[in-house]
K.L.:
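After the structure tokens below, expect a handful of questions from me.
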Amino acid sequence: MSESANYEQIIYSNEVMTFTALAAEYCKLINNIATLSQHDFVNKSLRLLALLYVKTLSLPATEPVDADMIEKTVTQEEWDEAHNAVARKLGRFDQYTETLDPLAGDDAMTSLSEGFADIYQDLKDYITLMQMGTAEMMNDAVWECARNFREYWGQRLTNILRVLHHLENGGANLDTTDALTIEPEDDRPSWERNGNSPKDDYWNE
């Protein structure tokens with residue numbers, strides 16, 4: 001079996017395809033945040049981030065083909081847009097105390113919007129690499145995303161979940177009327193809209 005075939009076993013595994021779909025859904029959530037009320041954003045984020053945590057843990061182990069060639073595509077401006085959009089949506093609920101090292105009692109004030117934007121950056125970079133099409137690039141995208149999860153954004157995610165759980169279940173008066181009215185998008189998958197097969201268009205979602 002060729003090395004390319006080995007990579008394809010990883011990138012087209014159920015674990016990777018499920019994670020990729022969730023990563024795309026997260027990026028869509030942030031990009032369309034204005035269309036959601038504050039209440040709906042908290043509710044959807046809580047559910048989606050919990051799933052992302054579990055599915056990231058399930059990613060298959062792999063090694064990079066060329067870690068030096070992994071591209072970063074999200075710009076500072078895009079990070080700022082994601083950060084500012086979440087900060088505006090959450091308003092007074094944005095700031096919280098983050099536990100940096102629970103064993104050392106290392107806490108610091110930070111914002112949910114910063115964590116959301118950091119996760120967005122990594123997942124958007126991941127999706128972009130997966131769309132580039134070569135088995136080697138996709139393999140390296142899986143490797144880097146799993147590594148960054150372990151070293152950085154996994155902790156961000158769990159801290160965000162703690163706050164979102166409190167907002168959802170602790171009696172916070174979340175706004176239910178602040179969603180913008182925008183013409184709804186066609187939510188059908190692209191293969192259905194374009195008449196292609198799911199396999200042809202999966203990575204372009």
Side-chain angles (χ1 to χ4, degrees), residues 13-60 73-74 78-102 107-130 141-176 178-179 185 187 205:
S13 65
N14 289 333
E15 292 81 5
V16 169
M17 295 184 76
T18 299
F19 172 79
T20 302
L22 288 172
E25 189 65 22
Y26 177 86
C27 293
K28 181 180 178 181
L29 177 72
I30 300 302
N31 290 336
N32 296 331
I33 190 172
T35 67
L36 299 171
S37 69
Q38 186 182 69
H39 174 273
D40 287 345
F41 175 67
V42 168
N43 180 269
K44 289 178 182 292
S45 297
L46 182 60
R47 296 168 184 269
L48 183 54
L49 288 171
L51 282 172
L52 266 171
Y53 187 87
V54 173
K55 295 305 180 183
T56 309
L57 291 176
S58 300
L59 287 174
T73 60
V74 175
E78 290 174 310
W79 187 94
D80 289 340
E81 286 178 6
H83 171 271
N84 294 338
V86 176
R88 285 193 298 270
K89 181 60 61 177
L90 292 175
R92 65 188 179 92
F93 298 115
D94 189 35
Q95 297 291 319
Y96 75 102
T97 301
E98 181 177 71
T99 301
L100 303 176
D101 184 350
D107 294 344
M109 285 299 296
T110 186
S111 67
L112 290 169
S113 54
E114 184 176 344
F116 270 102
D118 286 345
I119 295 171
Y120 176 85
Q121 181 175 35
D122 259 31
L123 295 184
K124 187 65 180 294
D125 282 339
Y126 168 81
I127 292 294
T128 302
L129 284 172
M130 295 301 279
V142 172
W143 171 80
E144 184 184 50
C145 198
R147 181 195 63 175
N148 289 347
F149 169 81
R150 293 191 301 269
E151 296 181 357
Y152 184 63
W153 65 266
Q155 182 65 65
R156 286 285 211 199
L157 188 156
T158 55
N159 285 337
I160 291 172
L161 280 177
R162 172 174 58 86
V163 182
L164 294 181
H165 176 82
H166 176 72
L167 293 177
E168 178 77 5
N169 300 289
N173 187 23
L174 297 171
D175 197 336
T176 61
D178 61 323
E185 294 182 3
D187 284 335
E205 279 293 299

K.L.:
Restricting to side chain to side chain donor-acceptor pair (under 3.5 Å), what partner residues turn up for Asp94, sequence neighbours left out?
P.N.:
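Per chain and number, Asp94 pairs via side chain to side chain donor-acceptor pair (under 3.5 Å) with Ser113.
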
K.L.:
A side-chain contact here means heavy atoms from C-beta on lying under 4.5 Å apart; do Lys55 and Glu15 qualify?
P.N.:
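Contact flag for Lys55/Glu15 side chains = no.
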
K.L.:
Return the set of residues passing side chain to side chain donor-acceptor pair (under 3.5 Å) with Arg47 (not counting sequence neighbours), or none when no residue passes.
P.N.:
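Checked Arg47 against side chain to side chain donor-acceptor pair (under 3.5 Å); matches are Asn43.
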
K.L.:
Check salt bridge (charged side-chain N to carboxylate O under 4.0 Å, His left out) between Asp118 and all other residues, then give those that pass, not counting sequence neighbours.
P.N.:
Arg156

K.L.:
Shortest non-hydrogen contact from Leu52 to Ala23?
P.N.:
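Of all heavy-atom pairs spanning Leu52 and Ala23, the closest is CD2-N, 4.1 Å.
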
K.L.:
Determine whether the side chains of Ser37 and Asp175 contain a donor N or O and an acceptor N or O closer than 3.5 Å.
P.N.:
no

K.L.:
Within a strict 4.5 Å, meaning less than it, do heavy atoms of the Val16 and Met130 side chains meet?
P.N.:
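SC-SC contact between Val16 and Met130 confirmed.
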
K.L.:
State the CG-CD distance between Leu123 and Glu25, to the nearest 0.5 angstrom.
P.N.:
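The CD atom of Glu25 is 12.0 Å from CG of Leu123, to the nearest 0.5 Å.
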
K.L.:
Would Leu167 and Leu46 count as a side-chain contact (heavy atoms from CB on, under 4.5 Å) here? Give the steps.
P.N.:
CA-CA 10 Å; Leu167 293 177; Leu46 182 60; over 6 Å; no

K.L.:
If I compare all heavy atoms of Thr97 with all of Met109, which pair ends up nearest, and what's the gap?
P.N.:
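Residues Thr97 and Met109, closest heavy atoms: OG1-SD, 3.2 Å.
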
K.L.:
Step by step, work out the side-chain contact (heavy atoms from CB on, under 4.5 Å) result for Thr20 and Val142.
P.N.:
CA-CA 9 Å; Thr20 302; Val142 172; over 6 Å; no

K.L.:
Nearest 0.5 Å please: distance from the CD1 atom of Ile127 over to the NZ atom of Lys28.
P.N.:
12.5 Å

K.L.:
Start with the C-alpha gap between Asn159 and Thr110, add the side-chain angles, then the distance that decides, and say whether side-chain contact (heavy atoms from CB on, under 4.5 Å) holds.
P.N.:
CA-CA 11 Å; Asn159 285 337; Thr110 186; over 6 Å; no

K.L.:
With rounding to the nearest 0.5 Å, note down the distance linking CG in Leu22 to SG in Cys27.
P.N.:
11.0 Å

K.L.:
Looking at Lys89 and Asp178, is there a salt bridge between them, counting it only when a charged N and a carboxylate O are closer than 4.0 Å?
P.N.:
yes

K.L.:
Measure across Gln38 and Asn173 and return the closest heavy-atom pair with its distance rounded to 0.1 Å.
P.N.:
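Taking Gln38 first and Asn173 second, the nearest heavy atoms are OE1-O, 4.3 Å.
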
K.L.:
Is there a side-chain contact between Phe19 and Ser13, using heavy atoms and a 4.5 Å cut-off?
P.N.:
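A side-chain contact under 4.5 Å is absent here.
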
K.L.:
Return the set of residues passing salt bridge (charged side-chain N to carboxylate O under 4.0 Å, His left out) with Arg147 (not counting sequence neighbours), or none when no residue passes.
P.N.:
Glu144

K.L.:
Below 30° counts as parallel, above 60° as perpendicular, anything between as tilted: where do the rings of Trp153 and Phe149 land?
P.N.:
perpendicular

K.L.:
So how far is it from Leu129 CG to Tyr126 OH, rounded to the nearest 0.5 Å?
P.N.:
9.5 Å

K.L.:
Given Leu90, which of Leu174, Leu112, Ile33 fulfils the side chain to side chain contact (heavy atoms under 4.5 Å, CB included) condition?
P.N.:
Leu112

K.L.:
Please tell me if the side chains of Thr56 and Cys145 come closer than 4.5 Å, counting only heavy atoms from C-beta onward.
P.N.:
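A side-chain contact under 4.5 Å is absent here.
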
K.L.:
CG of Leu157 to CZ of Arg162: how many Å apart, nearest 0.5 Å?
P.N.:
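If we round to the nearest 0.5 Å, Leu157:CG and Arg162:CZ are 12.5 Å apart.
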
K.L.:
Would Phe41 and Phe93 count as a close aromatic pair, with their ring centres under 6.0 Å?
P.N.:
no

K.L.:
Among residues at least two apart in sequence or on other chains, which ones pass ring pair (Phe, Tyr, Trp, His ring centres under 6.0 Å) with Tyr96?
P.N.:
none

K.L.:
Can you check whether Phe116 reaches Leu49 side chain to side chain, under 4.5 Å on heavy atoms?
P.N.:
yes

K.L.:
Asn169: what forms a side chain to side chain donor-acceptor pair (under 3.5 Å) with it, not counting sequence neighbours?
P.N.:
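By the side chain to side chain donor-acceptor pair (under 3.5 Å) rule, Asn169 matches His165.
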
K.L.:
How long is the span from the CG atom in Leu57 to the CZ atom in Arg150, to the nearest 0.5 Å?
P.N.:
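Rounded to the nearest 0.5 Å, the CG-CZ separation comes to 10.0 Å.
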
K.L.:
Show the numbers, then the answer: is there a side-chain contact (heavy atoms from CB on, under 4.5 Å) between Tyr26 and Lys44?
P.N.:
CA-CA 10 Å; Tyr26 177 86; Lys44 289 178 182 292; over 6 Å; no

